[in-house]
Peer 1: 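Take a look at the following structure, please.
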Amino acid sequence: YLKTTENPAVRIHHFASRSNPFISHRIFDAAKERLDERTYRQEVLAEFVAAEGLVYHAFRRDVHARKFPPDIGRDITAEICNVRFNHNAQYIVGIDYNVSPMCAVVCKVMAPDIIWATDEIVILDNADAAGLGFEIKRRGYGNATIIDDASGHYSHGGRSSARMLRDLGFLVMHKSKNPKVIDRINSVNAKFKTSSGTVSFYVDPKCKNLIRALETQVYVNGKPDKESGVDHILDALGYAIHYLYPAGSSLEPDERVANA
């Protein structure tokens, strides 16, 4: 884009999607309800939005970090799990498989479609999925649906990470492949605040690693920084949110659900 703008022989035209007379404006109104403001500006208003600054730009500690979120509805986690997974679970746990740290974010779904991150698990010492599973159970979250990193379903000569968790009695769900990084980020930012102003994510203040990661991860050369070490817990949260409430910029059809 920048190289093109420097070429006097080239003209660039951009048009907002709303200027297309063949597309119903109801589509754009719906997009405003499911996309965060930055993504809406890029995808619908045709603005050039650089990937810079904070990755999770829509997160605000004073808004989202709440012990008891305001105006929160009843717990619908079991209903969501029954409908989506045919599993009567009381918690949804997002997991990123990394040796050190290995991270999990424990979530509830509250009416209407609010994600509430109630706890975090970070294991630093060469953990495996079985060790993480035991810790999840020790903390009282044994009745959980796991939404994980798709790479954990590949075995390298032994049990896969997902198999270790299934052997402990967990239902483990994933898609056929991990979502695009930008789609996962957009889905999370949209839960923080949509372009229309809807907030549908809260986090318990005790989740200090998650909050610090949300407040500090930045873009480096147009990509989320992975050198600071905060990315794994963000990935764990992102797998869960994107699976349940995808709001990706690629607008691709949802991929086949796999549980094998």
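From a predicted model like this one, the values you see are computed outputs, not experimental measurements.
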Peer 1: In terms of hydrophobic clusters joined by side-chain contacts under 4.5 Å, are Leu124 and Ile211 together?
Peer 2: yes

Peer 1: Would you say Tyr219 and Pro224 make side-chain contact, with heavy atoms under 4.5 Å?
Peer 2: yes

Peer 1: What distance do Ile241 atom CD1 and Phe192 atom CZ have between them, rounded to the nearest 0.5 Å?
Peer 2: 6.0 Å

Peer 1: Above 12 or not: heavy atoms from other molecules or residues under 6.0 Å from NZ of Lys206?
Peer 2: yes

Peer 1: Once the angle between the rings of Phe201 and His64 is folded into 0 to 90°, is it parallel (under 30°), tilted (30 to 60°) or perpendicular (over 60°)?
Peer 2: tilted

Peer 1: Between Asp235 and Arg184, is there a salt bridge with N-O shorter than 4.0 Å?
Peer 2: yes

Peer 1: Would you say the side chain of Val105 lies within less than 4.5 Å of the side chain of Ile233, judging by non-hydrogen atoms?
Peer 2: yes

Peer 1: Do Leu54 and Phe59 touch side chain to side chain, with heavy atoms closer than 4.5 Å?
Peer 2: no

Peer 1: Specify the closest pair of heavy atoms between Asp113 and Lys191, including all atoms of both residues, with the distance to one decimal.
Peer 2: O-NZ, 2.7 Å

Peer 1: To the nearest 0.5 Å, what is the distance between CD1 on Ile147 and CG on Leu171?
Peer 2: 9.0 Å

Peer 1: Just do the side chain to side chain donor-acceptor pair (under 3.5 Å) check on Ser200 and Thr198 with the steps written out, would you?
Peer 2: CA-CA 6 Å; Ser200 54; Thr198 301; over 6 Å; no

Peer 1: Which distance, rounded to the nearest 0.5 Å, do you find between the CZ of Arg74 and the NZ of Lys108?
Peer 2: 12.5 Å

Peer 1: Quick check for you: to the nearest 0.5 Å, what is the distance between Met173 atom CE and Cys81 atom SG?
Peer 2: 10.0 Å

Peer 1: Minimum heavy-atom separation for Tyr56 and Leu234, please, with both atom names.
Peer 2: CE1-CD1, 3.7 Å

Peer 1: Does the Asn189 side chain pair with the main chain of Val55, one donor and one acceptor, at a distance under 3.5 Å?
Peer 2: yes

Peer 1: On a heavy-atom basis, which atom in Arg212 and which in Val230 lie closest, and how many Å separate them?
Peer 2: NH1-CG1, 3.7 Å

Peer 1: Judged by atom type as modelled, is there a donor-acceptor pair below 3.5 Å linking the side chain of Asp183 to the main-chain atoms of Pro179?
Peer 2: no

Peer 1: What closest approach, in Å, do His232 and Cys103 show between heavy atoms, and which atom pair accounts for it?
Peer 2: CB-SG, 3.9 Å

Peer 1: How long is the straight-line distance from CD of Gln217 back to CG of Asp231, given to the nearest 0.5 Å?
Peer 2: 6.0 Å

Peer 1: Salt bridge check: are Glu79 and Arg84 linked by an N-O gap of less than 4.0 Å?
Peer 2: no

Peer 1: For side chain to side chain contact (heavy atoms under 4.5 Å, CB included), just list the numbers for Val188 and His242, CA-CA rounded to whole Å, side-chain angles, deciding distance to a tenth of an Å, and then say yes or no.
Peer 2: CA-CA 7 Å; Val188 174; His242 183 78; over 6 Å; no

Peer 1: Among Asp148, Asp128, Asp149, which residue satisfies the side-chain hydrogen bond (donor to acceptor under 3.5 Å, both in side chains) criterion with Tyr97?
Peer 2: Asp148

Peer 1: Name the atoms and distances for all side-chain donor-acceptor pairs under 3.5 Å in residues 85-95, with sequence neighbours left out.
Peer 2:
residue	atom	partner	partner atom	Å
His87	ND1	Thr145	OG1	2.8

Peer 1: Between Tyr202 and Lys67, is there a cation-pi geometry (under 6.0 Å to ring centre, at most 45° from the normal)?
Peer 2: no

Peer 1: Closest approach of Ala247 and Ala190, non-hydrogen atoms and distance?
Peer 2: CB-CB, 4.2 Å

Peer 1: I'd like to check the side chain to side chain donor-acceptor pair (under 3.5 Å) partners of Arg61; sequence neighbours left out, ordered by chain and number.
Peer 2: Glu215

Peer 1: For the pair Glu120 and Asn209, evaluate side chain to side chain donor-acceptor pair (under 3.5 Å) and give the outcome as yes or no after the intermediate values.
Peer 2: CA-CA 8 Å; Glu120 64 180 15; Asn209 292 285; 2.8 Å; yes

Peer 1: Indicate if Met164 and Ile136 have the same hydrophobic cluster label, given that clusters are the connected sets of ILVMFWY residues with side-chain heavy-atom separations under 4.5 angstrom.
Peer 2: no

Peer 1: On a heavy-atom basis, which atom in Ala150 and which in Asn178 lie closest, and how many Å separate them?
Peer 2: N-OD1, 2.8 Å

Peer 1: Rounded at 0.5 Å granularity, tell me how far OG in Ser161 sits from CE in Met102.
Peer 2: 5.5 Å

